[in-house]
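If you're wondering where the values come from, they're calculated on a predicted model, not measured in any experiment. Computation of the quantities below employed the complete heavy-atom set of this structure, encompassing side-chain atoms and omitting hydrogens, waters and symmetry-equivalent molecules.
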Amino acid sequence: MAQLIKNKKKREVIKLVTEEQVAVALAQYTADLSEKYIKEKGCFNVVLSGGTLIHTMRVLAEVYKNAVDWSKWRVFWVDERVVPLDDCDSNYNLANEGFFKKVKKIPKQNIYPIHYSCSAHEVACDYESRLKTLVQNKVLPTSACGCFPKFDLMLLGIGPDGHIASLFPNRPQRYEKKHWVTSILDSPKPPPERITMTFPLIKCASNIAMVVTGKELADPVAKTLGGNCGCAPPPPIPCSELQMEAEGEVTWILDKGAASKL
């Protein structure tokens, strides 16, 4: 039985037992939002991350294969490794092999991977430019302030240090306020060169799902959501900052390990 915690800031924490239950809950959650936004505006704008997320999306791709109107999906990436798209480190390649090839119904023109080049800065500028063109052409709506695109759903994970996307605690990119997309040349996790959406853009999403499994992530979950992590309060880690400042609804979907210190 899932344990659900709600508060007044449109925050929910769904505590489950196994990773399989998280995959099932994520599938239902995403399918429901897909149906809602397609009925409201005829499309569903989704932002993916890397890591274990694509594996956790397997139930969505398999069980809901014929229940979701995939033709109305538009897919983007919150961050990407600056490698060729067929490289084993590419988040696009991970999604293509583990999700798109299972679904087979998302139009190719509705999938927006990076345009690879050897310059991370150029890749970031190009991705931001493409997003701005989509906003100018009214393919993507803007946030209430009008400064950033507003996505329907961001599917995110976190790292043991509390990073989201490629916004790491000890890197300046987490404080970028002007650009929509920025580059990082010295990621503490390999590969070192990446691009990432910035915090102001991420926090504008209508819905953010924080999909977290594994006991090794219990500390940043506890630092963000409350609990005993056995350490003094540090400056806010990126996922904690997002929890506090996100404009839309934030839903945490956790397994027993990730929630073990709450």
Side-chain angles (χ1 to χ4, degrees), residues 8-11 33-34 36-38 40-50 72-80 82 91-92 109-115 119-158 162-185 187 194-210 224 235-252:
K8 295 180 180 180
K9 293 185 177 181
K10 296 182 180 179
R11 307 293 188 255
L33 285 179
S34 175
K36 173 182 183 290
Y37 283 102
I38 290 171
E40 288 180 358
K41 59 191 185 71
C43 63
F44 186 45
N45 298 317
V46 183
V47 181
L48 302 181
S49 56
K72 301 299 194 298
W73 277 45
R74 300 191 190 107
V75 183
F76 303 83
W77 275 264
V78 70
D79 68 334
E80 179 59 285
V82 181
N91 285 339
Y92 165 80
Q109 66 269 23
N110 287 6
I111 298 174
Y112 296 87
I114 64 168
H115 291 155
S119 166
H121 176 70
E122 289 180 3
V123 174
C125 289
D126 175 75
Y127 207 67
E128 178 170 317
S129 176
R130 290 161 64 198
L131 293 179
K132 287 184 174 179
T133 297
L134 291 173
V135 168
Q136 291 167 0
N137 293 339
K138 301 189 183 303
V139 174
L140 289 175
T142 55
S143 60
C145 69
C147 298
F148 299 96
K150 188 177 187 67
F151 293 96
D152 301 321
L153 173 62
M154 289 210 176
L155 293 167
L156 305 179
I158 66 174
H163 78 265
I164 54 171
S166 286
L167 301 173
F168 296 95
N170 299 318
R171 296 294 188 273
Q173 288 80 9
R174 71 170 293 190
Y175 302 110
E176 172 63 50
K177 304 298 183 185
K178 179 181 177 181
H179 290 287
W180 297 6
V181 181
T182 190
S183 59
I184 178 169
L185 303 179
S187 164
R194 302 170 173 220
I195 69 161
T196 182
M197 291 183 178
T198 58
F199 185 80
L201 187 159
I202 294 171
K203 76 175 185 178
C204 288
S206 296
N207 300 273
I208 298 173
M210 308 294 287
T224 300
I237 54 179
C239 61
S240 178
E241 187 176 357
L242 180 63
Q243 170 76 359
M244 292 184 290
E245 297 190 16
E247 297 176 5
E249 298 189 12
V250 180
T251 301
W252 291 75

- Query: Is a donor on one side and an acceptor on the other found under 3.5 Å between the side chain of T251 and the backbone of A209?
  - Reply: no
Here the gap from I208 atom CD1 to C239 atom SG, rounded to the nearest 0.5 Å, amounts to 11.5 Å
Is there a side chain to side chain contact (heavy atoms under 4.5 Å, CB included) between I164 and M210? Walk through the geometry before answering. CA-CA 9 Å; I164 54 171; M210 308 294 287; 3.8 Å; yes
Which of S183, S166, S187 passes side chain to side chain contact (heavy atoms under 4.5 Å, CB included) with T196? Answer is S166
Of L48, N110, V47, the one forming a side chain to side chain contact (heavy atoms under 4.5 Å, CB included) with V75 is L48
The reported gap from CE in M154 to SG in C204 (rounded to nearest 0.5 angstrom) is 8.5 Å
Practice item. Indicate yes or no for a side-chain donor-acceptor contact from E249 to the backbone of K10 under 3.5 Å, with no hydrogens or angles considered. Key: no
Any sub-3.5 Å donor-acceptor pair from E241's side-chain atoms to P236's backbone N or O? no
(Q) Could you go through I114 and W77, starting from their C-alpha distance and side-chain angles, then the distance that decides it, and tell me whether this counts as side chain to side chain contact (heavy atoms under 4.5 Å, CB included)? (A) CA-CA 8 Å; I114 64 168; W77 275 264; over 6 Å; no
Counting distance only, does the side-chain N/O of T133 pair as donor-acceptor with the main-chain N or O of S129 below 3.5 Å? yes
Does the side chain of M197 reach to within under 4.5 Å of the side chain of Y127, using non-hydrogen atoms? yes
Checklist entry - Looking at side-chain heavy atoms only, is the closest gap between P149 and L201 below 4.5 Å? => result yes
- prompt: Taking the side chain as C-beta and beyond, is there a heavy-atom pair between V46 and S34 under 4.5 Å?
  reply: no
* To do: Kindly assign one of parallel, tilted or perpendicular to the pair F148 and W180, based on the angle between their ring planes and the thresholds 30° and 60°.
  => tilted
Hits for ring-ring contact (aromatic ring centres under 6.0 Å, His included) against F76, two or more places apart or cross-chain, chain-then-number order -> Y112, F151
| Are side-chain heavy atoms of V82 and E122 found at a separation under 4.5 Å? | no
Is the backbone N or O of H179 less than 3.5 Å from a side-chain atom of T198, with the two atoms forming a donor-acceptor pair by type? yes
Go through it in stages, so that I can follow the logic: the residues are D152 and K41, the test is side chain to side chain contact (heavy atoms under 4.5 Å, CB included), and I'd like the CA-CA distance, side-chain angles, deciding distance and then a yes or no. CA-CA 11 Å; D152 301 321; K41 59 191 185 71; 2.9 Å; yes
Across all chains, not counting sequence neighbours, the side-chain contact (heavy atoms from CB on, under 4.5 Å) partners of K203 are F199, L242, E245, E247
In this structure, NE2 of H121 is separated from CG of D126 (nearest 0.5 Å) by 11.5 Å
To the nearest 0.5 Å, atom CD1 of I38 lies from atom NZ of K36 at 12.0 Å
For V78 and A165, the nearest pair of non-hydrogen atoms, with its separation, is CG2-CB, 3.7 Å
Student check: side-chain heavy atoms of R74 and V139 closer than 4.5 Å: yes
Between R11 and A246, the two heavy atoms sitting closest are NH2-O, 2.9 Å
Stepwise side chain to side chain contact (heavy atoms under 4.5 Å, CB included) check, I237 with I158:
CA-CA 10 Å; I237 54 179; I158 66 174; over 6 Å; no
Tested for side chain to side chain contact (heavy atoms under 4.5 Å, CB included) against Q173, the lone hit among L185, I195, L167 is L167
In short, G157 meets S49 closest at the heavy-atom pair N-OG, 3.7 Å
Residues 135-148 vs salt bridge (charged side-chain N to carboxylate O under 4.0 Å, His left out), sequence neighbours excluded, gives none
Output for pair (L131 CG, Q136 CD), nearest 0.5 Å, gives 11.0 Å
Checking the side chain of R194 only, and the main-chain atoms of D79 only, is there a donor and an acceptor separated by less than 3.5 Å? no
Has E80 got a side-chain atom pairing as donor or acceptor with Y92's backbone, closer than 3.5 angstrom?
yes
